[in-house]
> 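My questions all concern the structure below.
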Amino acid sequence: MLTFLDALKRILVGRPFRTERLKQAPLRRRLALPLLSSNALSSVAYAPDEVLLTLAIAGLSAIYLSPLVGVAVMAVMLVIIASYRQSVKAYPSGKGDYEIASVNLGPRAGTTVAAALLVDFVLTVAVSMSSAAHYAIAAFPALAGNEAPIAASGVVLLALLNLRGVGRSPVGNALPTYLFVAAMLVMIGVGTVTAGLGTLGSAPSAEFEIVPEAGYEAGLTGFFGALLVLRAFSTGSAAMTGIEAPISNVQTLAAPRARSAASILLWLGVVATALTLGTMFLARATRIHVVENPETNLLLDGGPIPADYIQNPVVGQLAQAIFGSASVGFYLILALTGAVLWMAGHAAFRSFPNLASHLATDGYLPRQLRTRGDRLGFSNGIISLGVAALVLVLVFDAHVPTLIHLYVVGVFVSFTLSQLGMVKHWGRQLASTADRRIRLRIQRSRLLNLIGFVFTAAVLVIVLVTKFIFGAWLALLGILALYLVMFSINRHYEAVDRELSVDASTSAKALPARVHALILVSTLRKPVLRAVAFARAGRPSKLDAIIVDIDEDKTARTVADWDRLGIPVPITVLASPYRETAAPIIDYIKGIKRDSPRDLVVVYIPEYVVGRWWEQLIHNQTALRIKTRLHFEPGVVVASVPWQLSESTHGRALFDNTANARDTTSGRRPE
């Protein structure tokens, strides 16, 4: 089995890297900016769509408010960025919101933030790949109806590439984001100029009439109209996801790290604001009409829209209106938008495993998540993220509006608790600082974080009120479930540490009174004789062989052969009226422990060593069941006695070849 899995692993993952390759040069700002902002900038691909989709519920007149909603979203984002610029100066370790909440608000708040961020990273991959699938269909309409398979394929491919360590080049990762920003700025610039000249084209959906949903025939009026605007704001707040990346990755930056992260945050805010607002103003100028259900909420000349109509994303319709439907500019915008969405997913595949490794180190997640794989990535974290994102994509059929309802909750939970933690942090600093100039600086920082807390808490309330029944409750449930799992794991680890801690009396208590060795016998063969030799070499206080009587004739022959060969070890036959193997052995051992509680029982189990993976399935299965049962018995040690079959040379040769190839790949000559 080992050989088969090794071969499969090499095909999927590749040959292992040496640890020395983990060392990378610190990132300069010009490379760090696109790498750490791809998630936030990629929201331009779907955040304007979600604002328009929500406002379209109230009809055509409501969507003209979309730029104002965009302005409100960007204003809040800039406030949060200003707050984070203070946070990164105080906590430049790279643990981000998790550390800030844990240190200042306690482990429960820190675990809540961590759970929210983990859920947010999973949704980042699901939303990015689902949105990328829609852009692929905008470029190739023949793929319509295959959104979920395309998005799922993207998730799987991202996971495999991250397992292989592909895409670690900073320059290669930075280029798609730079090209996307440049192309979007060119498109917005051309669109603005042509709009000023009166030559701006119309979007493909401009001629469609939007049918308001029931209850909104009068547009945005009354309480429900105000609630819909707030819902559009909360949906558009997806544009703020990812702005925590610089503070969570500050340890990868070149010195001065905190100042570099603060600069990146500032530029991220400026670029994201320009792209988002430019897109939303041009969407109104080109009269883009998008709804969640085009078949029922769009009309053309009072009748149904064409049956083959595909509702493309806002950025795709903008490119079509500005550059033309079959132009190079149109396809370039679609390709670069897909590329930046890909990079956003790739960034999540870095952030999720890194945070999971911090949590595993602190004892809140399984410790396997802190171990690097063959290609130096946190493989278990990558696989966990890939599986979770794949499930979301398939369950929600890559439907971006539904996924967006789940998306914003986690990030604003972490924003709010992080800002509250910073307010408490500055309060402590202020209480212990006497210098007037330093106190003024601390007061300014505390005021910025206090404003950030008020804004993020207000947005969180708006998100929960307006989106709870539309799916936000699922995100909250996921955060709560993950929180409970992490605290259960932490309690378990703490209990194990207490139980296994060594004190002055441990060594005395650990000494057994005697050693009682048992040899398991099924038939008298060479492996059993080797087990007898091994057991005798250990010089136990008492040595017995035991055989379970499942087949009377076979048991009788084995006992007769035992006596005929004169083996100097007494053999005991255990009755098994129900043909069980493990149960009589366990009962026998319990009898020994009952009579001599301080005795150590060592059970020698002969096992075959086979050469091919499938041979393992037809050998050693009974031994495996017995070992599994014995592991739960206190005061019992299991010793496996291997017997190498001739076929095992095949497996050993493959293993040696793999090891030699690994040594050659790592630059060390095989011995």
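Sequence positions, counted from 1, serve as the residue numbers for this chain.
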> Less than 4.5 Å apart, any side-chain heavy atom of M486 and any of N490?
no
> Are any non-hydrogen side-chain atoms of L359 and L369 less than 4.5 angstrom apart?
no
> Using a 4.5 Å cut-off on heavy atoms from C-beta on, say whether the side chain of V290 contacts that of Q317.
yes
> Could you tell me whether the side chain of T456 and the main chain of F453 form a donor-acceptor pair under 3.5 Å?
yes
> For V127, is there any backbone N or O sitting under 3.5 Å from a side-chain donor or acceptor partner on S130?
no
> Looking at every non-hydrogen atom in both residues, tell me the closest pair between H346 and N173 and how far apart they are.
NE2-ND2, 3.8 Å
> Under 6.0 Å between the ring centres of F415 and Y84?
yes
> Can you name the nearest heavy-atom pair linking L179 to L336, along with the distance?
O-CD1, 3.5 Å
> Do N380 and Q368 have side-chain N/O donor and acceptor atoms under 3.5 Å apart?
no
> Which value, rounded to the nearest 0.5 Å, describes the distance between L417 atom CG and T111 atom OG1?
11.0 Å
> What is the ring orientation for F140 with Y331, classed by angle as parallel under 30°, tilted 30 to 60°, or perpendicular over 60°?
tilted
> When you check the side-chain N and O atoms of Y98 and S418, is any donor under 3.5 Å from an acceptor?
no
> What heavy-atom pair brings A148 and V393 nearest, and what distance separates the two atoms?
O-CG1, 3.9 Å
> Tell me the closest heavy-atom pair linking A258 and V250, and the distance in Å.
N-CG2, 4.2 Å
> Just do the side-chain hydrogen bond (donor to acceptor under 3.5 Å, both in side chains) check on T177 and S38 with the steps written out, would you?
CA-CA 6 Å; T177 306; S38 59; 4.8 Å; no
> Within the supplied structure, the quantity of interest is the number of heavy atoms (other residues, nucleotides, ligands) at a distance under 6.0 Å from R367 CZ; does it exceed 12?
yes
> Quiz question: by atom type and distance under 3.5 Å, do the side chains of Y91 and N104 form a donor-acceptor pair?
yes
> Among Q251, E99, R257, whose side-chain hydrogen bond (donor to acceptor under 3.5 Å, both in side chains) with S93 holds?
E99
> Between F352 and F121, what is the ring plane arrangement, given parallel below 30°, perpendicular above 60°, and tilted in between?
perpendicular
> Once ring-ring contact (aromatic ring centres under 6.0 Å, His included) is applied, do any residues pair with F180, and if so which ones, sequence neighbours excluded?
none
> If we ignore hydrogens and angles and just use 3.5 Å, is the side chain of S128 paired with the main-chain N or O of V125 as donor and acceptor?
no
> Would you say R29 has more than 12 foreign heavy atoms packed within less than 6.0 Å of its CZ?
yes
> Keeping the roles fixed (side chain from E50, backbone from P48), state whether a donor-acceptor pair exists under 3.5 Å.
no
> Under the 3.5 angstrom rule, does the side chain of Y364 hit a backbone N or O of Y483 as a donor-acceptor pair?
no
> For atom CZ of F330, decide whether the heavy atoms of other residues, nucleotides or ligands shown that lie under 6.0 angstrom number more than 12.
yes
